[in-house]
Amino acid sequence: MAKHTGKALRLTIFVGERDTWHHKSLYPEIVRRAHKAGLAGASVLHGIEGYGASSLVHTQRFFSLALDLPVAVIIVDAEEKIRAFLPVLDELIGEGLVVVDECEIVRYVRDSDPRSA
């Protein structure tokens, strides 16, 4: 097992699950664009409760009527690739929050994985 470490940027994009771009769901479009841009990977996390600038609490509790639950798209890659992707978000996001923070990565790969070279 090979272990690789290094510095990177973590891009976290907070939107609502009902947010759209050109009448399509926003978060899959962000993932599609990240993939097209060649970013290392993207994960979408579905929140069970949260609130944003509106201060309206969105929750999935059984009796709640709020259906616009929070979604976070998380992407980790080299600083230059993350910074190059930020203008794409300018086009896509009408309302939301984007956090860019420095992080250290630890990546484990099998020795037989060609990417470990």
Side-chain angles (χ1 to χ4, degrees):
M1 178 81 56
K3 179 174 149 180
H4 301 274
T5 61
K7 300 288 184 194
L9 287 184
R10 175 178 42 214
L11 177 64
T12 307
I13 306 146
F14 295 97
V15 295
E17 71 179 338
R18 296 179 72 186
D19 289 349
T20 61
W21 181 82
H22 289 221
H23 308 291
K24 295 187 293 190
S25 188
L26 175 60
Y27 66 89
E29 183 63 21
I30 294 170
V31 171
R32 188 183 76 74
R33 298 279 187 103
H35 185 261
K36 183 178 176 184
L39 295 173
S43 296
V44 178
L45 305 179
H46 195 235
I48 59 171
E49 188 166 13
Y51 70 93
S54 71
S55 293
L56 178 65
V57 175
H58 302 276
T59 181
Q60 76 170 25
R61 286 186 224 150
F62 184 69
F63 292 111
S64 174
L65 297 177
L67 299 174
D68 190 21
L69 294 172
V71 172
V73 180
I74 302 171
I75 303 167
V76 177
D77 209 324
E79 179 174 1
E80 60 274 5
K81 292 178 89 175
I82 293 293
R83 298 236 181 256
F85 188 66
L86 292 175
V88 173
L89 298 178
D90 291 342
E91 176 190 345
L92 295 176
I93 299 176
E95 186 174 314
L97 176 68
V98 174
V99 177
V100 179
D101 54 344
E102 293 179 2
C103 62
E104 183 173 342
I105 61 166
V106 177
R107 186 168 67 105
Y108 297 90
V109 291
R110 293 191 181 117
D111 291 330
S112 61
D113 188 335
R115 295 178 296 171
S116 66

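Each residue takes its place number in the sequence, starting with 1. Below, each value reflects all heavy atoms present in this structure, side chains not excepted, and no hydrogens, waters or symmetry copies.
- In terms of heavy atoms, Ser25 sits closest to Glu17 at OG-O, 3.9 Å.
- Other cluster members for Leu89: Leu9, Leu11, Ile13, Val15, Trp21, Leu26, Tyr27, Ile30, Val31, Leu39, Val44, Val71, Val73, Ile75, Ile82, Phe85, Leu86, Val88, Leu92, Ile93, Val98, Val100, joined by side-chain heavy-atom distances under 4.5 Å among Ile, Leu, Val, Met, Phe, Trp and Tyr.
- The minimum heavy-atom distance linking Asp111 with Ala2 is given by the pair OD1-N, 3.3 Å.
- Residues Glu29 and His22 are not in side-chain contact: their nearest non-hydrogen atoms beyond the backbone lie 4.5 Å or more apart.
- Within a 6.0 Å radius of CD in Glu91, more than 12 heavy atoms belonging to other residues, nucleotides or ligands are found.
- Using a 4.5 Å heavy-atom threshold, the side chains of Lys3 and Arg107 count as separate.
- Checking side-chain atoms of Asp77 against main-chain N and O of Ala8 turns up no donor-acceptor pair under 3.5 Å.
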(request) Apply side-chain contact (heavy atoms from CB on, under 4.5 Å) to the pair Asp19 and Glu95, showing each step before the final yes or no. (result) CA-CA 8 Å; Asp19 289 349; Glu95 186 174 314; 5.5 Å; no
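- Shown here for Thr12 and Arg10, the closest heavy-atom pair between the two residues is OG1-CG, 3.8 Å.
- Hydrophobic clustering keeps Val76 apart from Val106 (ILVMFWY residues linked when any side-chain heavy atoms are closer than 4.5 Å, directly or through intermediates).
- Side chains of His4 and Val109 form a contact here, defined as non-hydrogen atoms less than 4.5 Å apart.
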